[in-house]
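Everything numeric in this text was worked out from a predicted model, so none of it was measured.
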Amino acid sequence: MARALVKENVSEAFKKAVFIIASVLIVFIALRNSIIWHLEEFWGGSKSLWTSLWGSIYHLFGENDAYMYTIASTLYPFLVFLLANLGFAFVDLTGKPLAIHQYKIQKDKNIPVNWEQYKKVLKRSVFNFLVVGLMFNACMLPLYQRIMSCGYELPSFLTILCHLFVYMLIEEVGFYYSHRLLHHRRVYRHIHKTHHEWTAPVSITSIYCHPLEYVLSSILPLVMGPVVMGSHLSVAWLWYTMAIVNSTISHSGYHLPFLPSPEAHDFHHETFNQNYGVFGILDRLHGTDELFRRSKSYDRHIYITSFAPVRDVISDNEKEKAAICCPVK
């Protein structure tokens, strides 16, 4: 029976993947000339700005590739992390504004966050970013210098899109399987338990983890994409920015309007054994989202396009989704 259930999940995941990919390809083929023209026009008009900004950073680090791959590539993601967490930090530590409480996923939990607990998380996060991250980049430097590039010339817009797509696939595979490994009973209590101290996460806990986990499950799935593709460092930085912001939102504990839904990962922290991946593809394939898909959190895993809290749109007694929301499943 278990084997039949696995086959059913695989079949369902495969059919859904084929449908989505086929639909995207059909639309892209039909509109490709127009899409490519508009994107290239946009990139052509703004490329000089980005080239100038990148050139300023490259010049700031003495046009030294080693400094760019190590020091700069450690400081930049840390800066993104700090900026992404500023607003959430104010909310988490003060519990204000009160109006934001209506968007809290696990109601009344960590409102506000205890300062001593928050300080503990902050210290570990800073250590991971600045110490572990720098050591990792230093160890990877020979590979970076051999495969990647970081000069003044930026890649084309289509190259960037292609690389980002590959990055997402590699991250889904790398993060899912490393994350499941960390949940193995012989590994969990020694390493991953630190991250799961927070059953109701807040934004800054996204990097609160054991240093070994930070390397295995946070850095490697992100870095392997740019390394495999031999990307320009600027594209890697763009990817790091997207990943850090997404991880911050996923751990925020708030399902806010016009932002990606954090319901899936919040459910993971609450239940421990569901939703190991980033995009949900391998969770569906392996059946590690079955409990999630039977829950109210799955019904609420939508992109909100109004200021109505998702709990009002989909109440505990009602499964219908309002027309003001668009599903992202």
Side-chain angles (χ1 to χ4, degrees), residues 9-10 12-13 16-17 20 84-85 88 92 102-107 109-110 167-183 188 192 195-209 213 217-218 221-222 242-305 308-316 319-322 325-329:
N9 287 331
V10 172
E12 182 182 353
K16 186 173 182 179
I20 293 173
N85 277 277
F88 287 118
D92 290 332
Q102 62 187 321
Y103 300 109
K104 187 70 173 175
I105 297 174
Q106 298 186 46
K107 295 187 68 175
K109 292 187 177 181
N110 293 323
Y167 297 170
M168 288 189 286
L169 295 179
I170 292 176
E171 187 198 20
E172 174 69 5
V173 173
F175 183 76
Y176 179 87
Y177 290 111
S178 64
H179 195 183
R180 285 203 70 175
L181 174 64
L182 291 169
H183 274 265
Y188 177 82
H192 195 45
H195 186 67
H196 274 283
E197 289 175 8
W198 292 77
T199 55
V202 295
S203 65
I204 199 172
T205 60
S206 61
I207 308 298
Y208 177 65
C209 58
E213 175 182 345
S217 197
S218 293
L222 288 182
M242 295 167 59
I244 291 169
V245 171
N246 180 67
S247 183
T248 299
I249 295 171
S250 295
H251 287 85
S252 69
Y254 290 94
H255 192 161
L256 298 172
F258 311 107
L259 290 180
S261 168
E263 297 279 351
H265 196 69
D266 197 277
F267 191 82
H268 171 76
H269 274 262
E270 191 174 13
T271 60
F272 294 95
N273 60 356
Q274 294 284 295
N275 303 337
Y276 296 104
V278 178
F279 304 109
I281 300 171
L282 290 175
D283 281 301
R284 180 63 63 90
L285 182 65
H286 290 291
T288 48
D289 64 349
E290 290 182 5
L291 180 60
F292 174 61
R293 287 190 287 124
R294 295 197 300 268
S295 72
K296 186 65 64 175
S297 296
Y298 180 73
D299 298 322
R300 292 171 177 155
H301 189 43
I302 54 179
Y303 181 81
I304 306 176
T305 56
V310 72
R311 285 183 176 274
D312 292 346
V313 175
I314 303 172
S315 67
D316 290 332
K319 292 188 71 173
E320 290 80 9
K321 300 175 179 61
C325 296
C326 305
V328 293
K329 300 165 190 172

* **Minimum side-chain heavy-atom gap Tyr176-Val278 below 4.5 Å** => no
* How about His196 and Tyr208: does a side-chain donor come under 3.5 Å of a side-chain acceptor? -> no
* To do: State, yes or no, whether a side-chain contact exists between Asn273 and Thr288 at a heavy-atom distance under 4.5 Å.
  => no
* To do: Taking the side chain as every heavy atom from C-beta outward, state whether Leu182 and Ser217 have any atom pair closer than 4.5 Å.
  => yes
* How many angstroms lie between atom CG of Leu181 and atom NE2 of His183, to the nearest 0.5 angstrom? -> 10.5 Å
* To do: Taking the side chain as every heavy atom from C-beta outward, state whether Arg293 and Arg284 have any pair of such atoms under 4.5 Å apart.
  => yes
* **Tyr103 side chain reached by Val310 side chain, heavy atoms, under 4.5 Å** => no
* Structure fact -> Smallest heavy-atom separation, Asp283 atom then Gly277 atom, equals OD2-N, 2.8 Å
* Quick one: does Pro201's side chain get under 4.5 Å of Gln106's, heavy atoms only? -> yes
* So, the side chain of Ser178 versus the backbone of Phe175: is there a donor-acceptor pair under 3.5 Å, distance only? -> yes
* Taking the side chain as C-beta and beyond, is there a heavy-atom pair between Tyr177 and Glu172 under 4.5 Å? -> no
* Asked: Would Leu282 and Val173 count as a side chain to side chain contact (heavy atoms under 4.5 Å, CB included) if you check the C-alpha gap in whole Å, the side-chain angles of each, and the deciding distance to 0.1 Å?
  -> CA-CA 8 Å; Leu282 290 175; Val173 173; 4.3 Å; yes
* Structure fact -> Closest non-hydrogen atoms of Ala84 and Thr248, given as atom of the first, atom of the second and distance, are O-CG2, 3.8 Å
* Report the C-alpha separation of Ser261 and Tyr303 in whole Å, then their side-chain angles, then the decisive distance to 0.1 Å, and conclude whether the side chain to side chain contact (heavy atoms under 4.5 Å, CB included) test is met. => CA-CA 6 Å; Ser261 168; Tyr303 181 81; over 6 Å; no
* Asked: His192 side chain to Glu213 main-chain N or O, any donor-acceptor pair under 3.5 Å?
  -> no
* **Contacts of Phe279 that satisfy ring-ring contact (aromatic ring centres under 6.0 Å, His included) - sequence neighbours left out** => none
* Quick one: does Asp289's side chain have a donor or acceptor within less than 3.5 Å of a partner on Asn275's backbone? -> no
Let me check something: any side-chain donor-acceptor pairs from residues 250-259 under 3.5 Å, sequence neighbours excluded? List them with distances.
from: Ser250; atom 1: OG; to: Asn246; atom 2: O; distance (Å): 2.9
from: His251; atom 1: ND1; to: Ser247; atom 2: O; distance (Å): 2.8
from: His251; atom 1: NE2; to: His195; atom 2: NE2; distance (Å): 3.2
from: His251; atom 1: NE2; to: His265; atom 2: NE2; distance (Å): 3.0
from: Ser252; atom 1: OG; to: Ile249; atom 2: O; distance (Å): 2.8
from: Ser252; atom 1: OG; to: Tyr254; atom 2: N; distance (Å): 3.2
from: Ser252; atom 1: OG; to: Tyr254; atom 2: O; distance (Å): 3.3
from: His255; atom 1: ND1; to: Glu263; atom 2: OE2; distance (Å): 2.9
from: His255; atom 1: NE2; to: Ile302; atom 2: O; distance (Å): 2.9

* Is the gap between the ring centers of His268 and Tyr276 under 6.0 Å? -> yes
* Stepwise side chain to side chain contact (heavy atoms under 4.5 Å, CB included) check, Arg311 with Lys104 -> CA-CA 9 Å; Arg311 285 183 176 274; Lys104 187 70 173 175; over 6 Å; no
* Structure fact -> In short, Asn85 meets Ser203 closest at the heavy-atom pair OD1-OG, 2.6 Å
* Asked: Is Glu171 reaching over with its side chain to a backbone N or O of Leu222, donor-acceptor style, under 3.5 angstrom?
  -> no
* Contacts of Asp266 that satisfy salt bridge (Lys or Arg N to Asp or Glu O under 4.0 Å) - sequence neighbours left out -> none
* Arg300 (side chain) donor-acceptor with Ile314 (main chain) under 3.5 angstrom -> yes
* Side chains of Phe267 and Ser295 in contact at under 4.5 Å (non-hydrogen atoms) -> yes
* Indicate yes or no for a side-chain donor-acceptor contact from Gln274 to the backbone of Glu290 under 3.5 Å, with no hydrogens or angles considered. => yes
